[in-house]
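Worksheet: the structure to be examined is printed underneath.
Below, each value reflects all heavy atoms present in this structure, side chains not excepted, and no hydrogens, waters or symmetry copies.
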Amino acid sequence: MRQTIVAGNWKMNGSKESVSNLVTGILAGMAEVQSKVIVCAPFPYLSEVEALATHSQLQVGAQNLNVNASGAFTGEVSADMIKDFGVQYVIVGHSERRSLYGETDDVVAEKVQVALDNGLTPLFCIGELLEERESGNTEAVVSRQINAVIDRVGVEAFKNIIVAYEPVWAIGTGVTATPEQAQDTHAFIRSLLADHDSDIAQSTPILYGGSMNPANAEELIACEDIDGGLIGGASLKAEDFLRICKAG
Ligand code: 13P
């Protein structure tokens, strides 16, 4: 039985005040939550969020990392620095990083490897574009994205990886994949892992992301192969986020 995981990806949103209010609001409702809950904050707020979340069930993640350990990489943040704050999770390969910052499957696979090497748990994101779905290429795209990581770190490494399937056409659009669409792709992703190791396929958490909200979370998370959600917009309001956390 896989534990439900609900992760918030705040993206580039927040201020000192709003972040503090958001975390305080989430913490106030955590007693009724069974799922594992992670919030992925922008770098400047990681320290504050980690401090507020200490001694609670709330886990903290970053949204990106650089593959280098240190040095002349202006504006970048290493895995070591993320660890330094006591942060345990990091989003890798989000579609916004792939499309806006040119992260290829190879770059994403290297980031997954560096995260794992440094004891961080990657929230490894995959998902197809609208035209890829419409041309019947969803399975080919997610296979390519998953296989790039399996080739680099091996399937055993998925013991420490959380997969997030985020169809790009559903991100920030208000268009959610239907439970059937999401379940079909999740089952396919699990089958790709099972081609290598069936136990690992069964134990790997696969989260859904893309316009998940309090109204649709329960139906999605109830699907056999959907183990929780990676939430963008709805993770910025404590009340909405908590309702999703309680759906699991
Ligand atoms: P939305 O929930 O805003 O669609 O964003 C999903 C996402 O990109 C999470 O990483």
Out of curiosity, [X] [atom1] to [Y] [atom2], how far, rounded to the nearest 0.5 Å?
X: Q57; Y: Q59; atom1: CD; atom2: CD; result: 9.0 Å
X: L236; Y: N9; atom1: CG; atom2: CG; result: 9.0 Å
X: L100; Y: S95; atom1: CG; atom2: OG; result: 8.0 Å

When you measure from the side chain of [X] to the backbone N and O of [Y], does any donor-acceptor pair fall under 3.5 Å?
X: T104; Y: V107; answer: yes
X: R98; Y: C125; answer: yes
X: T4; Y: S35; answer: no
X: E103; Y: V108; answer: no
X: N118; Y: L120; answer: no
X: Q145; Y: G127; answer: yes
X: T24; Y: S20; answer: yes
X: D184; Y: Q181; answer: no
X: K111; Y: N64; answer: no
X: Q113; Y: V149; answer: no

Regarding [X] and [Y], do their side chains bring together a donor and an acceptor under 3.5 Å, going by distance alone?
X: Q183; Y: D225; answer: yes
X: E166; Y: H94; answer: yes
X: N137; Y: S135; answer: yes
X: W169; Y: E131; answer: no

Q) Are L27 and V87 connected in the hydrophobic side-chain network, where two residues link if heavy atoms are under 4.5 Å apart? A)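 Result: yes, single cluster for both.
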Which heavy atom of [X] sits nearest a heavy atom of [Y], and at what distance?
X: I38; Y: V60; value: CG2-C, 4.1 Å
X: L65; Y: A79; value: CD1-CB, 3.7 Å
X: L220; Y: P179; value: CD2-CA, 3.9 Å
X: G229; Y: I231; value: C-CD1, 3.8 Å
X: Y45; Y: S15; value: OH-CA, 3.3 Å
X: N13; Y: P42; value: O-CG, 3.7 Å

**Q.** Derivation of the side chain to side chain contact (heavy atoms under 4.5 Å, CB included) call for E48 and F85
**A.** CA-CA 9 Å; E48 162 88 357; F85 287 106; over 6 Å; no
(Q) For F158 and I150: C-alpha separation, side-chain torsions, deciding distance, then whether side chain to side chain contact (heavy atoms under 4.5 Å, CB included) applies. (A) CA-CA 8 Å; F158 280 74; I150 296 177; 3.7 Å; yes
Please examine the side chains of [Y] and [X], heavy atoms only from C-beta on, and report whether any two atoms are closer than 4.5 Å.
X: Y89; Y: I5; answer: no
X: M212; Y: T176; answer: no
X: I161; Y: T204; answer: no
X: S211; Y: T173; answer: yes
X: F124; Y: I146; answer: yes
X: F241; Y: L22; answer: no
X: L193; Y: D197; answer: no
X: R152; Y: V112; answer: no

Q) Could you walk me through whether V6 and V33 pass the side chain to side chain contact (heavy atoms under 4.5 Å, CB included) check? A) CA-CA 10 Å; V6 178; V33 172; over 6 Å; no
Q.
Surrounding CD of Q3 (heavy atoms of other residues, nucleotides or ligands, distance under 6.0 Å), is the total greater than 12?
A.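 Atom CD in Q3 is packed in, count exceeds 12.
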Q) Should the heavy atoms of other residues, nucleotides or ligands under 6.0 Å from CD of E76 be counted, would the total exceed 12? A)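 Yes, the 6.0 Å shell around CD holds more than 12 heavy atoms from other groups.
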Q) Parallel under 30°, tilted from 30 to 60°, perpendicular over 60°: which one fits the rings of H186 and Y208? A)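 H186 and Y208: tilted rings.
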**Q.** Derivation of the salt bridge (charged side-chain N to carboxylate O under 4.0 Å, His left out) call for E32 and K246
**A.** CA-CA 7 Å; E32 300 142 56; K246 288 173 195 166; 3.2 Å; yes
(Q) Apply side chain to side chain contact (heavy atoms under 4.5 Å, CB included) to residues Q202 and D199 and explain how you reach the verdict. (A) CA-CA 5 Å; Q202 278 313 311; D199 289 344; 5.8 Å; no
